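Below, read A as the first sequence line, B as the second, and so on, with proteins coming before strands; counting in each chain starts at 1. Just so it is clear, the model here is predicted, and its values are computed rather than measured.
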Amino acid sequence: MPVNNRDIAEQFSRLADLLEVEGANPFRVRAYRNVARTVDSHSRGMADMLAQGEDLSRLPGIGRDLAGKIRQIIDTGHLPLLDEVAQRTPPALSELMRIEGLGPRRMKALYEALDIRSLADLKQAIDAQQVRELAGFGAKTEAKLSRGIERLAGNVARTKLIHAEQIAIPLIAWLKGSKGVKAIEVAGSFRRRQETVGDLDILVTARRDADVMERFVRYDEVDEVVSQGKTRSTVRLRSGLQVDLRVVPEVAYGAALYYFTGSKDHNVAVRKLAQKKNLKINEYGIFKGDERVAGRTENEVFGSVGLPFIPPELRENRGEIEAASKGKLPELVELDDIRGDLHAHTHATDGHHGLEQMARAAQALGYEYLAISDHSRHVSVAHGLDRKRLEAQIAALDHLNDKLDGLVLLKSAEVDILEDGSLDLPDAVLKQLDLTVCAVHYKFDLSRTRQTERILRAMDNPYFNILAHPTGRLINERARYEIDLEQVMQAARGSGCFLELNAHPERLDLDDAHCKRAHEIGLKLAISTDAHSTSDLELMRYGIGQARRGWLQADDVLNTRSLNALKKLLRRN
DNA sequence: GCCGTTTTCGGCCCGACTGTTTTCAGTCG
């Protein structure tokens, strides 16, 4: 089975942890962490690239040595250097370092002085009050580690973007109640519209006498005040989400917003550019020597290093800086570009509303079209439509379309892709539809080869249009099924099919890296909400966020087209 | 370990806060 990028990244990141405990050259450790991130977020599989004879050392931060190590992992499944280091230093220390407040130096001290090599060892040492006796440790550090262990046990997954929004909105409103608060914005991965966020970074500018810090730690949902200072405080909310609040002066607001929006990799790369121009960028501004030359707005920050504004969603150091310097940044798709939704359900299957209600909701959003894509018969739990019921729905759609003004309901179905790659409804009924949205809903555990063949075979059906939620993953809940997406995307482009970017915040499937790959190979995507109710149609903005992270322009997106243009694209030859 | 209009060595982002210290190390972002 091919080694995927995540496995490769995992090995390098463990290696980095262990070497750090051993006190290795920190820059070497950083190089291993960098390669882990680069590989993990790359839009194409390393194994695939090698198979195509591509030179991995052309990727940023990957030189001859690391390219060789990646090849070792792909060829053998193992990284010999990691095995070697694991002989000397217990590999479990890498897990232990996920405890908050436990970094490499303390880990090393605990391992050497108390022979701590597992979570159980550490708990025992804490209970016996041995940890506080070590040089550089104390009772408070011991207690902090103890709390860290408890939280680890509670397995704090990253928070889905939609939940982070539900938490952020009332908190922002509360903070705005503080006198003297001027600008306020959530930065970090939230602003970059990442599918999940680790914490919230809130930035404010405020009058000197403002009480915003006090108000922040008094917020009703605060469970624990982790730290509190004049310019920065950190709390943990009852939901488990950590929130940082930073107060910055107005002259530095742009610099701070830029700095705390990240990503870290992006910031580091831009700061290197600044160094070449003898400038220093930090959260307080852009400095030439001791003189602040810019910092009030983000535009000033970019301008100072000779770059145009880079939208937050692109700031991942995945090529956006080079693109910006060449004037080749993509013109990212926006919510306003969307003219319709191509995947929605009604109460004929597992939706909550009827045709007319869904149509009114789509009209309210200003859409030109809405595809009704109820499940096909195989999805029996959703009371999937058989030929007879689908034909009845088609008749109902014709009738309703006659009455509707400005909106066309498209006849569609979410057709199951059966295990052998055939479609769940006969061609005779599929051909009466305007489009099909085809999906895998069972047998997720086929081998990669068989799953890929299943989908490719389905695409051979001339009525196949869009592959819905192409990997089947549910964020934090269900891993994607094994599938060779590169092959599927190439095949789709070759045969006039499309892939869906499912906008539902639990799915966001395709992910950002694969959206970018689609953009690179010229495969168009449909951004669809998979709405099961009228209000679900508003989830489109999460899909837009993901699409922007994947460099998609309006032209890359099927449903930015007028109805006529869309119909042309859906016609397969 | 990577990188290079500083090109094969010598850099590699930097500041806030905490706790354990008595001037600073460790961690985090």
Side-chain angles (χ1 to χ4, degrees), chain A residues 12 15-17 19-21 23-38 56-70 79 81 97-110 131-145 147-148 187-190 192 197-203 213 217 224-236 242-248 252 255-256 258-287 305 317:
Chain A
F12 281 114
L15 178 60
D17 285 345
L19 286 174
E20 207 171 18
V21 174
N25 176 351
F27 298 108
R28 186 178 165 218
V29 171
R30 184 191 293 171
Y32 288 132
R33 285 208 203 292
N34 285 343
V35 68
R37 263 199 305 268
T38 302
L56 299 184
S57 69
R58 294 181 57 167
L59 295 172
I62 297 181
R64 270 171 68 100
D65 181 272
L66 288 175
K69 286 188 166 67
I70 294 173
L79 178 56
L81 179 60
M97 282 163 61
R98 285 174 22 207
I99 296 169
E100 197 179 323
L102 185 51
R105 309 305 293 266
R106 288 190 181 133
M107 188 67 256
K108 183 177 162 75
L110 290 168
V131 172
R132 64 177 66 184
E133 301 302 329
L134 296 180
F137 289 72
K140 284 196 172 174
T141 305
E142 193 178 73
K144 186 179 178 184
L145 292 179
R147 284 199 306 275
S189 47
F190 184 94
R192 301 200 311 279
V197 304
D199 60 12
L200 291 179
D201 291 304
I202 303 178
L203 231 59
M213 277 304 185
V217 298
E224 181 194 354
V225 179
V226 180
S227 70
Q228 185 179 359
K230 268 194 204 135
T231 64
R232 193 190 108 191
S233 298
T234 301
V235 301
R236 189 175 302 279
Q242 184 173 301
V243 186
D244 285 4
L245 179 68
R246 298 166 202 267
V247 180
V248 301
Y258 173 72
Y259 184 93
F260 292 112
T261 295
S263 69
K264 195 174 160 184
D265 289 348
H266 167 92
N267 285 357
V268 167
V270 168
R271 223 170 294 173
K272 278 185 191 162
L273 277 185
Q275 279 182 331
K276 285 186 189 157
K277 295 177 189 288
N278 267 325
L279 295 169
K280 190 177 76 168
I281 299 183
N282 60 28
E283 62 263 55
Y284 301 110
I286 293 88
F287 297 89
V305 289
N317 198 23

Distance between C1' atoms of B:dC28 and B:dT22 (Å, rounded): 24 Å
Residues A:E224, A:R147: salt bridge by 4.0 Å N-O rule: yes
Closest nucleotide among B:dC17, B:dC12, B:dC2 to the A:L66 side chain: B:dC2
Sugar-phosphate, base or nothing in reach of A:Y32, heavy atoms under 4.0 Å: sugar-phosphate
B:dT21 and B:dT27, which share atom name P, separated by this distance in whole Å: 15 Å
Under-3.5 Å donor-acceptor pair between A:N25 side chain and B:dG1 base: yes
Sugar-phosphate only, base, or nothing, as touched by A:K144 at under 4.0 Å among non-hydrogen atoms: nothing
Whole-Å C1' distance, B:dT20 and B:dA25: 9 Å
Touch class at under 4.0 angstrom, heavy-atom based, for A:R28 against every strand present: base
A:D17 CG to A:M107 CE distance, which is reported to the nearest 0.5 Å: 11.0 Å
C1' gap between B:dT6 and B:dG11, integer Å: 10 Å
Any A:T141 side-chain N or O less than 4.0 Å from OP1/OP2 of B:dT20: yes
Sugar-phosphate only, base, or nothing, as touched by A:Q242 at under 4.0 Å among non-hydrogen atoms: sugar-phosphate
Phosphate contact (B:dA16 OP1 or OP2) by A:Y284 side-chain N/O below 4.0 Å: yes
NZ/NE/NH1/NH2 to OD/OE distance under 4.0 Å, A:E100 and A:R236: yes
Heavy-atom closest contact (A:R192 atom, A:T261 atom, distance): NH1-O, 2.6 Å
Touch class at under 4.0 angstrom, heavy-atom based, for A:K230 against every strand present: sugar-phosphate
